Undergrad: 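Structure incoming, see below.
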Amino acid sequence: MRWGLIGGSDIAATRMVPAMRALGQPIAAVASSSAARAEAFADAHGIDSAATDVDDLLSRDDVDAVYISTTNHLHGPQTLAAAAAGKHVLCEKPVALDLPEAWSMVTACDRAGVVFGVNHHLPSHTTHTEIRRLVSAGAIGVPKSVRVFFAFELAPRLRGWRLTDPDLGGPVLDLMPHVGSVVNKLIGTPLGTAAMPVRQGSWDLPADPAGALPEDACMAAIRYEGEVLCQVDIGWSVPFARNGLEVHGTDGSLVARNVMRADPGGSVQLIAASGEREVAIARHRDAYEVTLETFARSVAGDGPPAISGLEGLRALAVALAVRESGQQRRAVTIGLDPVG
Ligand code: NDP
């Protein structure tokens with residue numbers, strides 16, 4: 001599994017390059033729109049080749065797959081270009097900015113016969129995998145409701161486009177796809193949502209941006225198939241909030257703390273008529289490594305990626321419906337039918 005990196009991003013530097021290295025997956029080249037950034041990234045991470053033209057990277061024989069971690073508006077065109085070049089694609093979330101674009105990416109990768117995964121790491125956490133196993137095994141009976149607590153303080157180094165660009169940023173596009181990736185995999189098909197986004201933080205932004213700013217917090221209710229309800233709290237202005245995931249069913253509840261995060265760890269409690277017990281987790285794996293490992297297996301013909309392009313699309317559909325609901329101040333149906 002030999003990688004080409006499209007994007008000299010923070011997430012590539014802090015999570016994905018270390019994970020690729022830990023797994024012994026070589027990185028042949030990095031592409032950035034700036035020659036200076038590409039070279040600095042290659043130097044900093046011991047990558048032999050730096051490119052400014054994505055097509056140069058895509059034409060390399062020593063690249064089997066690309067990891068795309070550019071800003072969100074480039075995910076679509078770069079995935080289409082990679083598929084056309086016959087490269088497997090692991091793309092960052094949100095997979096695209098709208099559903100027609102996401103469908104075109106899924107279709108293009110299908111037709112090209114390349115694996116298309118989306119880097120939603122949360123479902124690959126050991127805790128999340130165990131929660132899904134317990135729910136499938138009937139440990140809480142029939143699931144009726146889910147609560148996702150995913151509000152925190154945005155790290156200073158990330159206070160750029162996320163806080164200033166309403167088309168690319170805001171936690172609804174940044175965090176809600178992660179929530180969709182978790183709850184869709186756990187519960188099934190999302191049907192509709194009602195959401196309330198606000199701008200509540202006092203941000204000391206580097207430049208004074210003109211025009212509309214994205215929301216920095218949002219609460220939403222999402223209805224799933226089987227009349228399962230999901231309550232979501234996302235945002236960036238509460239430094240001391242604790243994150244968590246709860247699944248409540250007819251025969252029990254799963255209460256997980258500190259599991260909506262990048263690092264491995266956290267706890268899961270099972271509460272039922274017989275009492276409360278801590279779910280034993282022998283070893284917490286790094287979710288990015290699990291994602292990369294599963295992706296490599298998928299390329300070798302062994303099963304799907306951890307989150308497929310289609311699952312990434314369905315996670316995006318949740319986020320877009322939440323955004324539309326917030327903008328229009330009304331409940332919105334979640335569209336999953338092919339469009340475009
Ligand atoms: P960054 O802002 O760090 O990088 C995004 C792009 O911005 C880069 O590709 C780069 O463009 C450009 N860029 C980087 N540094 C500079 C700079 N100093 N000056 C000008 N431009 C710069 O983004 P993130 O790493 O935070 O996010 C990238 C993607 O990854 C997003 O889609 C995001 O949603 C996703 N993400 C996913 C996470 C996960 O856990 N799965 C976590 C965090 C982010 P170029 O490549 O042209 O150099």
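Quantities reported herein were computed from a predicted structural model and do not represent experimental measurements. Counting convention: from 1, in listed order, for ligands and their atoms alike.
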Undergrad: Mind checking whether Pro94 has an N or O less than 3.5 Å away from an N or O of ligand 1?
TA: no

Undergrad: Any idea which atoms of ligand 1 are less than 4.0 Å away from a heavy-atom of Asn119?
TA: 41 (N)

Undergrad: Would you call Arg329 and Glu324 a salt bridge, taking side-chain N to carboxylate O under 4.0 Å as the test?
TA: no

Undergrad: Would you indicate which of Met16, Lys93, Glu92 comes nearest to atom 34 (O) of ligand 1 when only heavy atoms are counted?
TA: Lys93

Undergrad: Considering only non-hydrogen protein atoms, determine which one is nearest to atom 28 (C) of ligand 1 and report residue, atom name and distance to 0.1 Å.
TA: Ser69 O, 3.2 Å

Undergrad: Quick one: does Arg15 get a heavy atom under 4.0 Å from ligand 1?
TA: no

Undergrad: Could a heavy atom of Gly160 be found less than 4.0 Å from some atom of ligand 1?
TA: no

Undergrad: For Ser49 and Arg60: C-alpha separation, side-chain torsions, deciding distance, then whether side chain to side chain donor-acceptor pair (under 3.5 Å) applies.
TA: CA-CA 11 Å; Ser49 179; Arg60 294 178 70 105; 2.9 Å; yes

Undergrad: Can you list the ligand 1 atoms lying under 4.0 Å from a non-hydrogen atom of His121?
TA: 39 (C), 40 (O), 41 (N)

Undergrad: Testing the 3.5 Å rule here: is there a donor-acceptor pair between the side chains of Gln200 and Ser237?
TA: yes

Undergrad: With atoms numbered from 1 as shown, which atoms in ligand 1 lie under 4.0 angstrom from a non-hydrogen atom of Asp174?
TA: 34 (O)

Undergrad: Checking a contact table here: which protein heavy atom is nearest atom 43 (C) of ligand 1, and how many Å away?
TA: Arg162 NH2, 3.5 Å

Undergrad: Can Arg314 and Glu311 be said to form a salt bridge (charged side-chain N to carboxylate O under 4.0 Å, His left out), step by step?
TA: CA-CA 5 Å; Arg314 291 163 68 96; Glu311 288 175 298; over 6 Å; no

Undergrad: Which residue supplies the protein heavy atom nearest to atom 48 (O) of ligand 1, what is that atom called, and how far is it?
TA: Ser32 OG, 2.4 Å

Undergrad: Are any of the side-chain nitrogens in Arg285 or Glu293 under 4.0 Å away from the carboxylate oxygens of its partner?
TA: yes

Undergrad: Evaluate the salt bridge (charged side-chain N to carboxylate O under 4.0 Å, His left out) criterion for residues Arg159 and Asp204: first the C-alpha distance (whole Å), next the side-chain angles of each, then the deciding distance (0.1 Å), finally the verdict.
TA: CA-CA 9 Å; Arg159 293 178 192 174; Asp204 184 15; over 6 Å; no

Undergrad: In terms of residue, atom name and distance, what is the protein heavy atom nearest to atom 11 (O) of ligand 1?
TA: Arg37 NH2, 3.5 Å

Undergrad: Considering only the protein, which heavy-atom contact is closest to atom 31 (C) of ligand 1, and what is its distance?
TA: Asn72 OD1, 3.4 Å

Undergrad: With a cut-off of 4.0 Å, which atoms of ligand 1 are near a heavy atom of Ser33?
TA: 45 (P), 47 (O), 48 (O)

Undergrad: Could you check whether Arg157 pairs with Asp10 (Lys NZ or Arg NE/NH1/NH2 to Asp/Glu carboxylate O, under 4.0 Å)?
TA: yes

Undergrad: May I ask whether His120 has any heavy atom positioned less than 4.0 angstrom from an atom of ligand 1?
TA: no

Undergrad: Between Phe152 and Phe150, how do the two ring planes meet: parallel, tilted or perpendicular, split at 30° and 60°?
TA: tilted

Undergrad: If we check side-chain contact (heavy atoms from CB on, under 4.5 Å) with Tyr224, which of these qualifies: Thr189, Val183, Leu191?
TA: Val183

Undergrad: Give the residue, atom name and distance (to 0.1 Å) of the protein heavy atom nearest atom 25 (O) of ligand 1.
TA: Ile11 N, 2.8 Å

Undergrad: Among all protein heavy atoms, pick out the one at the shortest distance from atom 40 (O) of ligand 1; state its residue, atom name and that distance to 0.1 Å.
TA: Tyr288 OH, 2.7 Å

Undergrad: Could you check whether Phe295 and Trp3 have their ring centres less than 6.0 Å apart?
TA: yes

Undergrad: Students should be able to answer this: which protein heavy-atom is nearest to atom 7 (O) of ligand 1, and at what distance?
TA: Thr71 CG2, 4.3 Å

Undergrad: With a cutoff of 4.0 Å, is Phe41 in contact with ligand 1, counting heavy atoms of the residue only?
TA: no

Undergrad: Once you restrict to heavy atoms under 4.0 Å, what part of Ile6 touches ligand 1? Side chain, backbone, both or neither.
TA: neither

Undergrad: Within this structure, what is the NZ-NE2 distance for the pair Lys144 and His248, rounded to the nearest 0.5 Å?
TA: 14.0 Å

Undergrad: Hey, is Ala262 one of the residues with a heavy atom under 4.0 angstrom from ligand 1?
TA: no

Undergrad: Could you list the atoms of ligand 1 found under 4.0 angstrom from a heavy atom of Gly7?
TA: 9 (O), 46 (O)

Undergrad: So does Arg21 have more than 12 non-hydrogen atoms from other groups sitting under 6.0 Å from CZ?
TA: yes

Undergrad: Can you confirm, on distance only, whether ligand 1 has an N/O atom lying under 3.5 Å from any N/O atom belonging to His75?
TA: yes

Undergrad: Indicate whether any N or O donor in one side chain lies under 3.5 Å from an N or O acceptor in the other, for His128 and Glu130.
TA: no

